[in-house]
Asker: 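Just dropping this structure here.
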Protein chains: 2
Amino acid sequence: MAKVTIADIAREAQVSVTTVSRFINGNYGKMSQTTRDRIQQTVDRLEYRPSASARRMRQQSTHVVGVIVADISNVFSSLLFNGIYAELQPAGYDVMLMNSNNAIEQEHGEIDRLLSQEVDGLIIQPNSRRFATYEPIISSRTPLVMVDRETTDQPETVSKVVSDNEDSCRRLGETLADLGYENLVVVSRTRSEVSAQALRIAGLRRAAEERHMLMLTIEADSHDGDWLQREIGTTLDHLNGRTALISLMGPLLFDVLAVLRTLGIRYPQDIGLVSFDDWRWSQYVQDGIYLLEQDPQLLGRQAARNLLDQIRSRGDDKTGDPYAASQWITLPVTTVASPSV
Amino acid sequence: MAKVTIADIAREAQVSVTTVSRFINGNYGKMSQTTRDRIQQTVDRLEYRPSASARRMRQQSTHVVGVIVADISNVFSSLLFNGIYAELQPAGYDVMLMNSNNAIEQEHGEIDRLLSQEVDGLIIQPNSRRFATYEPIISSRTPLVMVDRETTDQPETVSKVVSDNEDSCRRLGETLADLGYENLVVVSRTRSEVSAQALRIAGLRRAAEERHMLMLTIEADSHDGDWLQREIGTTLDHLNGRTALISLMGPLLFDVLAVLRTLGIRYPQDIGLVSFDDWRWSQYVQDGIYLLEQDPQLLGRQAARNLLDQIRSRGDDKTGDPYAASQWITLPVTTVASPSV
DNA sequence: TTGTATGCGTTATCAC
DNA sequence: GTGATAACGCATACAA
């Protein structure tokens, strides 16, 4: 049994394809109730379903949006997607989700595939530091929102939705100084050449300079737990005065806790402990961990809303400037104070 | 500047569209190196990208797979997707991801949309108890894999990939009996009419009967924390003998821990505590929580592999039986023993 | 209120 | 080796 087409419906319902097409698209304006009912019955009987591919050929819009996240197994990415989906689905857009796995090559291929799909818009958590990497998107005139991470030299005509990484970390540094901390040991893990963590380090560094704290960074990257343990152990051994240990991303906190447990280091007695983004669980670790929390769902929602604005503002004929509605949006980072500092 | 088509390339490169099409599809068999180079240059210069929609019209395959998960903000779903994507992407398939939000109505609409997209296959974490709900998929002859949850009366010709919920819970019950527990208090939370949790309860109930333990269930569903606290408090107050509290899903453990903290109930001193699926974090809660762990990524991988088998086995002409390669697969559940019991 | 005819960008079947 | 042309399923300008 071959695919049921609009022509089959027309024949069975004794009307023209035009009328069926109007019916499918809800243009009941000029259509007798009789015809309408008859078509409805035929559609149900034959289980007709319009071919999305065929409509796309005739229309300028696919009603599909592409999303590329850096690591879908990271809760951050999945909550980000959740927010995006919550906005796009009710608006009638389907989503193709891709996982760049923090790899710039992979991301490049995925952008290509999504552009080939002629998506109506693109939301990307980028892996490349240089905006030039994303130029093909611009020259295809596809609406675009960059989310979570910041590329250098991104034109103002391209949207960006990020957390207030630098400033929140500067304030964190000041708070720690106020509490009497003299050293900051910052643990980061980036698998991509661009990351929000760089801005967090910058913010902390500013605070450290202003308040005369010593600041050291440990880049865990792809090193294993033993490496991290040696690194943290040695660092703490050589520091005088009160030290705060800061984990710059959620999943890294797992590893840091493992190290502290093995080394028998207590918090807040021996050191102060701070982390980014724990996704709710760390409150049950001892008396809770001092946190800086982003709102990934809100990031996603804002990104999606802006994308929809772009898609709509260019007009149905697609002649308008696709980037007219672009915006740069910065969302706050929330502090959850706990006795771990 | 309008969209660049195959015709533009043909004109600029002084060849026919046929030749360009051959080039695009890598049929260099009969093509002079000169032509090949010239086309390549033109493609690069005009930034030509083939239209996926147009190809689909001519081919029987879209190379797009649809995935519907129950709740993408739950780590289970995102790891499931991760596994699925890890198999499909290298195989050249794009993925449309939808979130049914545990709502059967929503799911129904999403299936419809995906079938309209003429996806090559569908992976669903189902919300409906009755398989009949998914009949439209079968009559459209779309390859299908049901994952994580089991519907009643699902025909053997339709694939299913699930965890060994019932048996792992029976064994858990026996272990608890061996350890001297006399009562089981089981806390569940289902937002959908079908859930893996029902099978877990069944497994525990069998063990309770065999080993003469008392078993009570608390269905938290959409109740709030206060309700749960009253319910757990009252239940524990009325029980004599050693009691094990079992949380049947990962996120629920958050709420259970909150209750125990408020009520000042200690584990394993006052009660034994067991949970499903914590996603690594609960080891840092006191000395760790006794766990039953699924492997959502593996579930996803297996589901995707089977889907690919189905897609491939039906042959390119799509005349074969789409469900010839269907399978029922059950994956083991791992026990992580910790001193919380 | 309904119908006819054309084209969207691509691939496949022929021909040359 | 290469090219002309007919589909694929749908939406719409134009007719009636």
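Chain letters run A, B, ... following the sequence lines, proteins first, then strands; residues in each count from 1. All figures in this text were calculated on a predicted structure; none of them were measured in a lab.
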Asker: Just how far, in rounded Å, is P of dA4(D) from CZ of Arg11(B)?
Answerer: 14 Å
Asker: Measure CD1/Ile6(B) against C1'/dG9(C) and give the value in whole Å, please.
Answerer: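 After rounding, the reported distance stands at 8 Å.
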Asker: Check whether any side-chain heavy atom of Asp112(B) lies under 4.5 Å from a side-chain heavy atom of Arg49(A), and answer yes or no.
Answerer: yes
Asker: Check the phosphate of dG3(D) against Thr19(B), side-chain N and O only, distance under 4.0 Å to OP1 or OP2. Yes or no?
Answerer: yes
Asker: Without decimals, in angstroms, what is the distance between His63(A) NE2 and dC10(D) P?
Answerer: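 It works out to 17 Å between those atoms.
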Asker: Round to the nearest Å and state the distance from Arg38(A) atom CZ to dT1(C) atom P.
Answerer: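 Arg38(A) atom CZ is separated from dT1(C) atom P by 15 Å.
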Asker: Hey, mind stepping through Leu80(A) and Phe76(A) against side-chain contact (heavy atoms from CB on, under 4.5 Å) and telling me if it holds?
Answerer: CA-CA 6 Å; Leu80(A) 183 67; Phe76(A) 179 88; 4.3 Å; yes
Asker: Give the rounded distance in Å between these two atoms: CG of Asp37(B) and P of dG1(D).
Answerer: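 Distance check: Asp37(B) CG to dG1(D) P gives 14 Å.
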Asker: Has Arg56(A) got a side-chain N or O lying under 4.0 Å from the OP1 or OP2 atom of dC8(C)?
Answerer: no
Asker: Side chain of Ser51(A): nearest nucleotide among dG9(D), dT2(D), dT10(C)?
Answerer: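 Shortest atom-to-atom distance from the side chain points to dG9(D).
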Asker: Can you pull every protein N or O that's under 3.5 Å from an N or O on nucleotides 12-16 of chain C?
Answerer:
residue : atom : partner  : partner atom : Å
dA12(C) : O4'  : Arg58(B) : NH2          : 3.3

Asker: Measure from NZ or CZ of Arg36(A) to the centre of the six-membered ring of Tyr28(A) and say whether it is under 6.0 Å with the direction within 45° of the ring axis.
Answerer: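 Because its charged atom sits under 6.0 Å from the ring centre and within 45° of the axis, Arg36(A) does stack over Tyr28(A).
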Asker: Rounded to the nearest 0.5 Å, what separation is found between the CG atom of Asn82(B) and the OG atom of Ser77(B)?
Answerer: 12.0 Å
Asker: What is the separation between atom CZ on Phe23(B) and atom P on dT11(C), rounded to the nearest whole Å?
Answerer: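 These atoms are roughly 13 Å apart.
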Asker: To the nearest Å, how far apart are Glu118(B) CD and dC8(D) C1'?
Answerer: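 Computing the Glu118(B):CD to dC8(D):C1' distance gives 10 Å.
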Asker: Does the side chain of Arg55(B) get closer than 4.0 angstrom to OP1 or OP2 of dT11(C) through an N or O atom?
Answerer: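 For Arg55(B), the contact criterion (side-chain N or O under 4.0 Å from OP1 or OP2 of dT11(C)) is met.
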Asker: Would you please confirm or rule out a distance under 4.0 Å between OP1 or OP2 of dT2(D) and any side-chain N or O of Thr35(B)?
Answerer: yes
Asker: Are any of the side-chain heavy atoms of Ile124(B) and Arg149(B) separated by less than 4.5 Å?
Answerer: no
Asker: So, is Ser32(B) near the phosphate of dT2(D), with a side-chain N or O under 4.0 Å from OP1 or OP2?
Answerer: yes
Asker: Can you check whether Tyr48(B) has a side-chain N or O nearer than 4.0 Å to OP1 or OP2 of dT10(C)?
Answerer: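 Tyr48(B) to dT10(C) OP1/OP2: side-chain N or O found under 4.0 Å.
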Asker: Report the residue from Arg55(A), Glu118(A), Gln117(A) that forms a side chain to side chain contact (heavy atoms under 4.5 Å, CB included) with Thr62(A).
Answerer: Glu118(A)
Asker: Tell me, do Arg314(A) and Gln310(A) make a side-chain contact under 4.5 Å, heavy atoms counted?
Answerer: no
Asker: Within this structure, what is the OH-to-P distance between Tyr28(A) and dT2(C), rounded to whole angstrom?
Answerer: 14 Å
